[in-house]
Protein chains: 2
Amino acid sequence: MTDAAADPADEPPRTWTIAEVADEFGVTHRTVRHYEELGLIAPERRGTTRVYHRRDRTRLGLILRGRRLGFPLEEVRTIIDLYDAPRGRRSQLEYVLGQIGSRRADLEQRRADLEAALAELEGFERRCREDLARLG
Amino acid sequence: MTDAAADPADEPPRTWTIAEVADEFGVTHRTVRHYEELGLIAPERRGTTRVYHRRDRTRLGLILRGRRLGFPLEEVRTIIDLYDAPRGRRSQLEYVLGQIGSRRADLEQRRADLEAALAELEGFERRCREDLARLG
DNA sequence: CTTTACGTTGACGTCAACGTCAAGAACGTG
DNA sequence: CACGTTCTTGACGTTGACGTCAACGTAAAG
């Protein structure tokens, strides 16, 4: 096991191996490496071995949520990169805000589709339950 | 053009060619044929030519919405086939209701992911706007 | 009656998102 | 220190969702 006990002063922040993050997020190490190949995450290297920090886990969570939502990984990258984009200058901030707008529109379209699908499904369920009731 | 005028009595219900449905839904004819290969739609044949009815257009709409939501086409098929499944007998109805339950759970998971993503994005947008205001 | 437009069936190509070996290197453990 | 476990880098395989091309039929238009 990885030492989870002993938390007195300020120890170095915890890190994870590739097997640990893969397990934790329910994916294979190949998937994690694939995301790295695409530049979605960039774990530290100690010698040749990958070392994952909290930041990497955060990004991995965002990636997998994007995947569950059906976004292609390239699009996922533009989204999460957005959160790290430089925004010190006004022009940069305005660019980021523009991107945010596009992403929001996209997400809201999806939400509309989703609500429509759910509404249909629920209507159908109701009719089925009525039929079932009629069958006594 | 396809004759859109002259609508006096009860003419035969309107039909469409593959080019028309493809155009209308913004996909290629190859895509439409692909969905037919997978058994997602089954247009009538007049000789060798495909003839699309309202039913086919309805299904195509469901397919494309499923696609926008990121569902694999095989899963889309199980969903739209559900709407046509036999439910005359109690056992059939109960099976259908079970399937509906699974689909609903899936959609609601997606909705949760979607709401989370939107909430994050909106929080980020707010912070960006504050930064912009500070830059006066 | 040839042209032009649209339709058809294969069949192979492609791209994304990984899976699946193979063949080592590094590391704790008996 | 040998051994099994976990890590590494290739590199090729696979599946889904089409794109693309060839080769051909058909039907209205000039």
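In what follows, every chain begins at residue 1, and chains take the letters A, B, ... in the order their sequences are listed. Please read all numbers here as calculations on a predicted model, not as lab measurements.
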Quick check on DNA chain C: between Leu73(A) and Arg30(B), whose nearest nucleotide comes earlier from the 5' end? Arg30(B)
For the student: nearest non-hydrogen atoms of Val96(B) and Pro86(B), plus distance: CG2-O, 4.2 Å
Rounded to the nearest angstrom, tell me the gap between atom CD1 in Ile41(A) and atom C1' in dC18(C). 14 Å
Looking across every strand, which nucleic acid part, if any, lies under 4.0 Å from Tyr35(B) by heavy atom: base, sugar-phosphate, or nothing? sugar-phosphate
Measure CD/Glu37(B) against P/dA11(C) and give the value in whole Å, please. 12 Å
Report yes or no: is the cationic atom of Arg90(A) (NZ for Lys, CZ for Arg) closer than 6.0 Å to the six-membered ring centre of Tyr95(A), at no more than 45° off its axis? no
Atom CD of Glu75(A) to atom C1' of dA17(C): distance rounded to whole Å? 15 Å
Nearest to the side chain of Arg45(A) - dA17(C), dT8(D), dC7(D)? dT8(D)
Distance in angstrom units between Leu38(B) CG and dT15(D) C1', rounded: 12 Å
Measure from CD1 on Ile18(A) to C1' on dT5(D) and round the result to the nearest Å. 15 Å
Would a single hydrophobic cluster contain both Leu60(A) and Val51(A), if residues Ile, Leu, Val, Met, Phe, Trp and Tyr are joined by side-chain heavy-atom contacts under 4.5 Å? no
Does any N or O donor sit under 3.5 Å from an N or O acceptor when you compare the side chain of Arg33(B) with the base of dT8(C)? no
Check the phosphate of dG16(D) against Arg67(B), side-chain N and O only, distance under 4.0 Å to OP1 or OP2. Yes or no? no
Could you tell me whether the phosphate oxygens of dG7(C), OP1 or OP2, come under 4.0 Å of any side-chain nitrogen or oxygen in Thr17(B)? yes
Roughly, in whole Å, what's the span from NE2 in His34(B) to P in dT14(C)? 18 Å
Measure from CZ on Phe71(A) to P on dA16(C) and round the result to the nearest Å. 18 Å
Taking for each residue the nucleotide of DNA chain C bearing the nearest heavy atom, is the 5' side occupied by His29(B) or by Thr49(A)? His29(B)
dG19(D) phosphate, OP1 or OP2, under 4.0 Å from Thr31(B) side-chain N/O: yes
Rounded to whole Å, please give me the gap between CD in Glu74(B) and P in dG16(D). 7 Å
Tightest non-hydrogen contact, residues Glu44(A) and His53(A), listed as OE1-NE2, 2.6 Å
Looking at Gly98(B), is its backbone amide N or carbonyl O close enough to the side chain of Ser102(B) to form a donor-acceptor pair, meaning the two atoms are under 3.5 Å apart? yes
